There are 2 protein chains.
Amino acid sequence: MSDEDGIDFAIIELLFFAYRDFTSDPDQILADYGFGRAHHRVLHFVNRRPGLTVAELLDVLKITKQSLARVLKQLIDTDHVVQLQGPRDRRQRELYPTAKGRALALALARPQSRRIHAALGDSGITERTLVERFLEAMVNPELRAQIDVGSAEMSGKSHGEH
Amino acid sequence: MSDEDGIDFAIIELLFFAYRDFTSDPDQILADYGFGRAHHRVLHFVNRRPGLTVAELLDVLKITKQSLARVLKQLIDTDHVVQLQGPRDRRQRELYPTAKGRALALALARPQSRRIHAALGDSGITERTLVERFLEAMVNPELRAQIDVGSAEMSGKSHGEH
DNA sequence: GAAATTACGTCAATAGTACTGACATAATCT
DNA sequence: AGATTATGTCAGTACTATTGACGTAATTTC
């Protein structure tokens, strides 16, 4: 099956194309705000895990503190994200989205979600867990803890990790 | 189902994590060559579609001529890719991988292919076409022509588009 | 209480990948 | 001959990322 040398070029290439177009939707919206893909990622995770600390965010994004700094500062200056002093440890800054930030995060996620639903429909996949299981299995095992698939619960605050 | 506001945050996030780790394998190898992800993409498509022209490559990668220039020049200078004058139209430069280029492309694809096969196995998906169909459906319809899933045929030259 | 560590912020310098705009050359088409 | 096309290249800029160094405040350790 697949290609020469037993390499799965087909899926490798499909992942490239799928991700290229998957990110193209929010990229266009972000341009209006003068934001880039980095802002999107930060905003997404601050929305998904409200109250996470700077260190946790760095760990999820796998970038350095200096790289995050500019992007986070812009999001704070434009009133999309706020920092609150950590309750237990006052050195920590807990990050929360503002209403404005939640609205933007939602606007960015909407076209992506539509694309996913359309793709599930077009491909005739009725069991969405199939795709979820495959994608999760693509993630490095040590890092699966970062995933917060908790579709059901998880209304903020306590998200087990760490 | 899924999350608040009917947005499929779960799969959105899984795509981010899956792609992040999917690209991490070749990134480490590329670092040894002083290459980046851009070199990988060029090398990949030159290998997959030997003889494609510069214009076709730009179309697939969705980048500008100027952006491609530096990367392509480096690959040519390091003897990974060669340019041959187009037979029909001598203005065109057909791009071909050298043996060295093919070897590198293969080395980069190997860990990615292993990850994919492992993920298919771990997730208990026996029908690989399920994943292929989903990913293909994620691509913009107008751009699906770029996909060359033809695992069987397609030995170069004529690839329909344009 | 003093010292070490931790969490975060920031300054400076650099790199990789991308962009727009402009211009040059050679080949092909009209 | 003139227009168009395919490619290459120069200049300038932007965004995202990097490493290294230093500062500050809070917490932990001794």
Side-chain angles (χ1 to χ4, degrees), chain A residues 16 19-20 23-24 26-28 30-44 46 51-78 81-96 162, chain B residues 16 19-20 23-24 26-44 46 51-78 81-96 161-162:
Chain A
F16 166 75
Y19 201 76
R20 181 194 66 177
T23 52
S24 71
D27 279 356
Q28 292 196 306
L30 288 160
D32 299 336
Y33 291 77
F35 289 163
R37 209 171 286 179
H39 300 84
H40 185 189
R41 289 195 287 262
V42 171
L43 195 53
H44 170 89
V46 169
L52 94 171
T53 65
V54 171
E56 287 167 346
L57 187 52
L58 291 176
D59 207 46
V60 169
L61 297 179
K62 292 252 205 80
I63 59 173
T64 60
K65 187 173 44 164
Q66 296 87 334
S67 297
L68 175 63
R70 179 188 50 89
V71 173
L72 184 56
K73 190 174 189 321
Q74 284 176 287
L75 287 171
I76 291 168
D77 289 348
T78 55
V81 172
V82 289
Q83 284 180 318
L84 298 182
Q85 210 169 46
R88 310 172 294 283
D89 187 335
R90 286 187 301 172
R91 287 172 306 178
Q92 294 184 330
R93 304 283 186 278
E94 294 190 343
L95 303 173
Y96 293 92
H162 278 123
Chain B
F16 166 74
Y19 200 76
R20 181 194 66 178
T23 52
S24 71
D27 279 357
Q28 293 196 304
I29 300 172
L30 288 159
D32 299 337
Y33 292 77
F35 289 162
R37 209 171 287 178
H39 300 85
H40 185 190
R41 289 196 287 261
V42 171
L43 194 55
H44 169 88
V46 170
L52 96 171
T53 65
V54 172
E56 288 168 343
L57 187 53
L58 291 175
D59 208 46
V60 168
L61 298 179
K62 291 252 203 83
I63 59 173
T64 60
K65 189 173 42 166
Q66 296 87 335
S67 297
L68 175 62
R70 178 187 51 90
V71 172
L72 185 55
K73 191 174 189 321
Q74 285 177 285
L75 286 171
I76 291 168
D77 289 348
T78 54
V81 172
V82 289
Q83 284 180 318
L84 298 181
Q85 212 169 45
R88 312 173 291 285
D89 187 336
R90 286 186 301 172
R91 287 172 307 180
Q92 295 184 331
R93 305 282 186 277
E94 295 190 341
L95 303 173
Y96 293 92
E161 86 275 53
H162 277 126

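In what follows, every chain begins at residue 1, and chains take the letters A, B, ... in the order their sequences are listed. Note that the coordinates shown come from a computational prediction; the quantities given were computed from them, not determined experimentally.
Atom-to-atom, CZ of A:Arg91 to P of C:dA4 comes out at 16 Å; the value is rounded to the nearest Å. Between B:Gln92 atom CD and C:dT25 atom C1' the separation is 16 Å, expressed in whole Å. Atoms CG (B:Leu61) and C1' (C:dC19) sit 15 Å apart, rounded to a whole Å. As a whole-Å value, the separation of B:Asp27 CG from C:dG16 P is 13 Å. Protein atom CG of A:Asp59 is 12 Å distant from nucleotide atom P of C:dC8, rounded to whole Å. In this structure, the CG atom of B:Leu43 is 13 Å from the P atom of C:dT17, given to the nearest Å. The distance between atom CG of A:Leu72 and atom P of C:dA7, rounded to the nearest whole Å, is 17 Å. The CG-P distance, from B:Leu57 to D:dT7, rounds to 10 Å in whole Å.
In this structure the side chain of A:Leu95 never reaches within 4.5 angstrom of the side chain of A:Glu56, judged on heavy atoms.
Formation of a donor-acceptor pair under 3.5 Å by the B:Arg20 side chain with backbone atoms of A:Val60 is found in this model.
For the pair A:Gln83 and C:dG9, the criterion of a side-chain N or O lying under 4.0 Å from OP1 or OP2 is met. Here A:Arg37 does not reach the OP1 or OP2 of D:dC15: none of its side-chain N or O atoms lies under 4.0 Å away. Distances shorter than 4.0 Å separate none of the side-chain N or O atoms of A:His39 from OP1 or OP2 on D:dC15.
A:Lys65 comes within 4.0 angstrom of a nucleotide base, judged by non-hydrogen atoms across all strands. Base contact: B:Arg70 has a heavy atom under 4.0 Å from a base atom.
Counting all heavy atoms, side chain and backbone alike, B:Arg88 lies closest to B:Gln92 at NH2-OE1, 3.9 Å.
Taking the six-membered ring where the residue is Trp, B:Tyr33 and B:Phe35 present parallel rings, their angle staying beneath 30° rather than reaching 60°.
Ranking D:dA26, D:dT9, C:dT10 by closeness to the A:Gln66 side chain, first place goes to C:dT10. The side chain of B:Thr64 has C:dT20 as its nearest neighbour among C:dT20, C:dG9, D:dG8. In the set C:dA26, D:dT7, D:dT18, D:dT18 carries the atom at the smallest distance from any side-chain atom of A:Ile63. Proximity note for B:Arg93 (side chain, C-beta onward) versus D:dA6, D:dG8, D:dT27: the nearest is D:dG8. Listed nucleotides: D:dT7, C:dA7, D:dA6. Nearest to the side chain of A:Asp89: C:dA7.
Position along DNA chain D of the nearest nucleotide to A:Gly34 versus A:Gln85 favours A:Gly34 as the more 5'-ward residue.
For the atom pair OG1 (A:Thr23) and CZ (A:Arg37), the distance works out to 3.5 Å, reported to the nearest 0.5 Å.
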